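Worksheet: one structure, shown below.
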Amino acid sequence: MPKMIVSIDGVVIKEVQLTKERTSLGRRPYNDVVIDNLAVSGEHAAVHMTGDEVFLEDLNSTNGTYVNGKAIKRQQLHHGDTIEVGKYKIQFISELEGERFDKTMVFKPGMGVPPSTAATSTERVLPGELQGCIRVLSGAASGREVPLIKVVTTVGKPGVAVAAITRRQHGFVVAHVEGVGNPLLNGTPIGNEPVALKSGDLIELAGTQMQFIQT
């Protein structure tokens with residue numbers, strides 16, 4: 001089944017399975033794929049499936065839709081093509097490659113975090129590498145710890161606020177990915193650049209308080 005991998009600045013945000021004849025992309029919440037960015041039009045583009053063929057159509061967007069760096073109006077998609085919508089990049093996958101990406105970790109007020117919640121990335125921590133976890137401090141999931149077992153973990157509420165915690169060679173960093181509400185680090189809003197994390201740092205995102213712990 002064909003799918004699309006949505007990312008920004010190299011951080012994977014979501015994976016979308018193409019199951020319908022028409023899949024819409026845009027900033028408005030009624031789209032099948034919501035991309036919350038002012039550079040993205042309300043109804044930006046649409047993906048059409050006809051048999052085994054998949055076509056991408058630009059819906060007269062303000063800033064255009066690009067495939068492999070070229071502006072398009074309507075173009076057939078092939079495995080590995082890269083779609084650009086605003087600052088977001090979407091990789092089109094036409095072949096079944098297994099579950100390489102997991103869903104974004106979602107925190108909602110009053111809801112718990114599944115014990116099996118995983119990070120979003122293609123790589124896992126190897127023995128001897130830095131390790132850490134996120135401890136939820138508020139809501140029904142208070143006390144739950146989510147290990148940062150992959151290179152990138154995305155947390156938050158899609159369409160409201162999403163942040164990414166990335167494991168680097170010398171430590172972990174957190175970055176604001178999407179949404180109007182910037183996450184808070186120790187009470188200070190996180191800007192566009194990744195910020196280094198220290199064990200014990202407090203993160204607040206989409207109404208949920210979390211603590212970063214490096215082990």
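Just so we're clear, the structure is a prediction, and the values are computed from it rather than from any experiment.
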For the residue pair [X] and [Y], what are the closest heavy atoms and their distance?
X	Y	answer
Ala39	Asn63	O-ND2, 2.8 Å
Ser142	Leu137	OG-O, 3.2 Å
Ser94	His79	OG-CB, 2.8 Å
Asp58	Ser61	OD1-OG, 2.6 Å
Gly200	Gln211	O-NE2, 3.3 Å
Gln214	Gln131	CG-O, 3.5 Å

Sequence neighbours left out, cut at 3.5 Å: what donor-acceptor pairs do the side chains of residues 70-78 make with other protein atoms?
none

- prompt: When you look at Ile83 and Val85, which way does the side-chain contact (heavy atoms from CB on, under 4.5 Å) test go after all the steps?
  reply: CA-CA 7 Å; Ile83 304 163; Val85 178; 4.0 Å; yes
query: Is the shortest side-chain N to carboxylate O distance from Lys20 to Asp32 below 4.0 Å?
result: yes
task: Before accepting this row, confirm whether a basic side-chain N of the pair Lys89/Glu84 lies closer than 4.0 Å to the acidic partner's carboxylate O.
output: no
message: Counting only heavy atoms from other residues, nucleotides and ligands, does the tally under 6.0 Å from CZ of Arg28 exceed 12?
response: no
message: Does Leu202, at its CG atom, have more than 12 non-hydrogen atoms belonging to other residues, nucleotides or ligands within less than 6.0 Å?
response: yes
- prompt: With distance as the sole criterion, is a donor-acceptor pair present between the side chains of His48 and Glu21 under 3.5 Å?
  reply: no
So, does [X] use its side chain to make a donor-acceptor pair with the main chain of [Y] at under 3.5 Å?
X	Y	result
Asp81	Phe92	no
Thr50	Glu53	no
Asn37	Lys87	no
Ser24	Asn31	no
His44	Gly64	yes
Lys198	Ile213	no

- prompt: Is Val6 close to Tyr88 at the side-chain level, that is, under 4.5 Å between some pair of heavy atoms?
  reply: yes
- prompt: Does Glu204 reach the side chain of Ser138, with side-chain heavy atoms less than 4.5 Å apart?
  reply: no
Nearest 0.5 Å please: distance from the [atom1] atom of [X] over to the [atom2] atom of [Y].
X	Y	atom1	atom2	answer
Gln17	Ile93	CD	CD1	10.5 Å
Asn186	Ile203	CG	CD1	8.5 Å
Glu15	Gln91	CD	CD	11.0 Å
Leu59	Leu25	CG	CG	8.5 Å
Met4	Ile90	CE	CD1	5.5 Å
Met49	Arg22	CE	CZ	13.0 Å

Do [X] and [Y] land in one hydrophobic cluster if side-chain heavy atoms of ILVMFWY residues count as linked below 4.5 Å?
X	Y	result
Ile8	Val33	yes
Val47	Val16	yes
Val40	Tyr66	no
Val195	Leu197	yes
Ile190	Leu205	yes

query: Going through the checks in order, is the side-chain contact (heavy atoms from CB on, under 4.5 Å) test met by Ile165 and Val173?
result: CA-CA 6 Å; Ile165 299 173; Val173 297; over 6 Å; no
